[in-house]
Protein chains: 2
Amino acid sequence: MVDIDNGSGSSAPRKRADARRNEETLLGVAAAAFITSGVDVPVRDIAAQAGVGVGTIYRHFPTRADLIVAVYRHQVEACAEAGPALLASSSTPHAALALWIDLFVDFLVTKHGLAEALQSDDAAFETLHAYFLDRLVPVCDQLLDAAAAAGEISPDMDAYQLLRGVGNLCIGAGNNPRYDARRMVGLLITGLRLH
Amino acid sequence: MVDIDNGSGSSAPRKRADARRNEETLLGVAAAAFITSGVDVPVRDIAAQAGVGVGTIYRHFPTRADLIVAVYRHQVEACAEAGPALLASSSTPHAALALWIDLFVDFLVTKHGLAEALQSDDAAFETLHAYFLDRLVPVCDQLLDAAAAAGEISPDMDAYQLLRGVGNLCIGAGNNPRYDARRMVGLLITGLRLH
DNA sequence: TCAATATACGGAACACAGTTCCGTTTGCCA
DNA sequence: TGGCAAACGGAACTGTGTTCCGTATATTGA
């Protein structure tokens, strides 16, 4: 569904040069717009900024979720890859889990509206949901397993549920000085620990 | 902003009978619609169900938030009043806090879309936000103070922040069997406890 | 270099929900 | 019962997502 390559190699028939150029431009403009206006920024605004028609956006990114995924793919990958690394370098699995969750939270709270979109049950965000889950649940699962094996946490904590809870706690952070998502998530992870 | 009385007493000039009747009807229809379609049900749908024009809804309830508050006012009051009662009847302040939060969570997870609306930064939900906060923050504060005084929790937990976190955790509950908001909130409250 | 053609583009048009506004109706009181 | 303030209904306006199709153009083969 989301295919950003095709700059040279790969099998697909290879896209036209203007199409590739537009896709590139759109990714850049969207990234900037997400920062200034949140991921809910109107499609028309992005189109206008990029100097293309709305049709062009929809052709490249059939749903808003596809655009969001494309913009943040690198960062999500980095987060996913940090999981095993932290597990190897931390003093205990629970510490690794806490650090990894911190990474995830830092990512979410700096993306205006992303946490909201991630939890939305709107069908338009299905792809977004699926991508994050596919990529991060296995990593989280690994960390939870390790912590459970070490007897640090109860073995019945589900990775999906934990990520969902953490994502929920990040909603509204970043535009409300009285709410500190990091602190709340910290409490949640503390609560996970056995004694 | 929200005035539902005027059936007889009070000072205001007293409303016309048809107006009072419509308000009553709208509250009933809205309550039913909120259950079947969530608090985001289109205004037109409520109007059609009630057999009135949309203008009539807006006249009685200037914003959707006013309608939601009117529908759930009794339950919120009950929740607020349960705070001191639980504090008096529980074994420890932390236990009272946990029970009270459970009450709040039970309320939220059974109202499709309410938790989302509560955290939305959409200006239309300002009234909703304000009402819940005005009514519940002081109660939560009292419980937190008592628990802190008993040395059960850290004294720097802010009631607003805790309620916000709990509200966030309730988002998406009730339409996702894989996510148990009660469990997540339980972890949060556990994490609050010192040792 | 020059058609021919598939590919991509732009933006008008449509769908849908919130909200406003005003001509019409109706309850109330003298 | 007549007059009027109060309330009503719903058409119309706004903003946003999404679709669709006539037009433009990159690419390719001759």
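Below, chains carry the letters A, B, ... as their sequence lines are ordered, and counting in each starts from 1. Computed from a prediction, not measured in an experiment: that's the story for all the values here.
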### Query
B:N22 side chain N/O closer than 4.0 Å to the phosphate oxygens (OP1, OP2) of D:dA7?
no

### Summary
In whole angstroms, the gap separating P of C:dG18 from CZ of B:F61 amounts to 16 Å

### Side chain proximity check, A:M184 to B:N168, heavy atoms < 4.5 angstrom
no

### Query
Does a distance-only test, which skips hydrogens and angles, find a donor-acceptor pair under 3.5 Å between the side chain of B:R16 and the base of D:dA6?
yes

### Query
Taking atom CD of A:Q119 and atom CD of B:E116, what is their separation to the nearest 0.5 Å?
9.5 Å

### Message
As a test of reading the structure: which of C:dG27, D:dA7, C:dG11 is closest to the side chain of B:K15, going by heavy atoms?
### Response
D:dA7

### Minimum heavy-atom distance A:R178-B:D158, with the two atoms named
O-OD2, 4.4 Å

### hbond_proxy A:R59 side chain to C:dG10 base (donor-acceptor, 3.5 Å cutoff)
yes

### Value in whole Å for how far the C1' atom of D:dA7 lies from CD of B:E24
17 Å

### Task
Would you kindly give the CD-to-C1' distance between B:E23 and D:dA6, to the nearest whole Å?
14 Å

### Query
How long is the line joining CZ of B:R21 and P of D:dA6, in whole Å?
18 Å

### Task
Report the distance from atom CZ of B:R14 to atom P of C:dC28, rounded to the nearest whole Å.
8 Å

### Query
With respect to the side chain of B:V52, which nucleotide from D:dG9, D:dG17, D:dT19 is positioned closest?
D:dG9

### Query
Does OP1 or OP2 of D:dG9 have a side-chain N or O of B:T56 closer than 4.0 Å?
yes

### Message
Whole angstroms only, please: what is the CD1-C1' distance between B:I57 and D:dC8?
### Response
13 Å

### Query
In whole Å, what is the span from the CZ atom of A:R20 to the C1' atom of D:dT25?
15 Å

### Between D:dC20 (P) and A:Y58 (OH): distance, integer Å
13 Å

### Query
Backbone N or O of A:L169 within a donor-acceptor pair of the A:Y179 side chain at under 3.5 Å?
yes

### OP1 or OP2 of C:dA8 under 4.0 Å from side-chain N/O of A:H60
no

### Query
Within the modelled atom types, does a donor on one side and an acceptor on the other bring the side chain of A:R64 and the base of D:dG17 under 3.5 Å apart?
no

### Task
Using distance alone, with no hydrogens and no angle criterion, decide if A:T25 and A:N22 have a side-chain donor and acceptor under 3.5 Å apart.
no

### Query
Looking at D:dG15, does its base get a donor-acceptor pair with the side chain of A:R44 below 3.5 Å?
no

### Query
Nearest nucleotide by nearest heavy atom, which residue falls closer to the 5' end of DNA chain C, B:V41 or A:D18?
A:D18

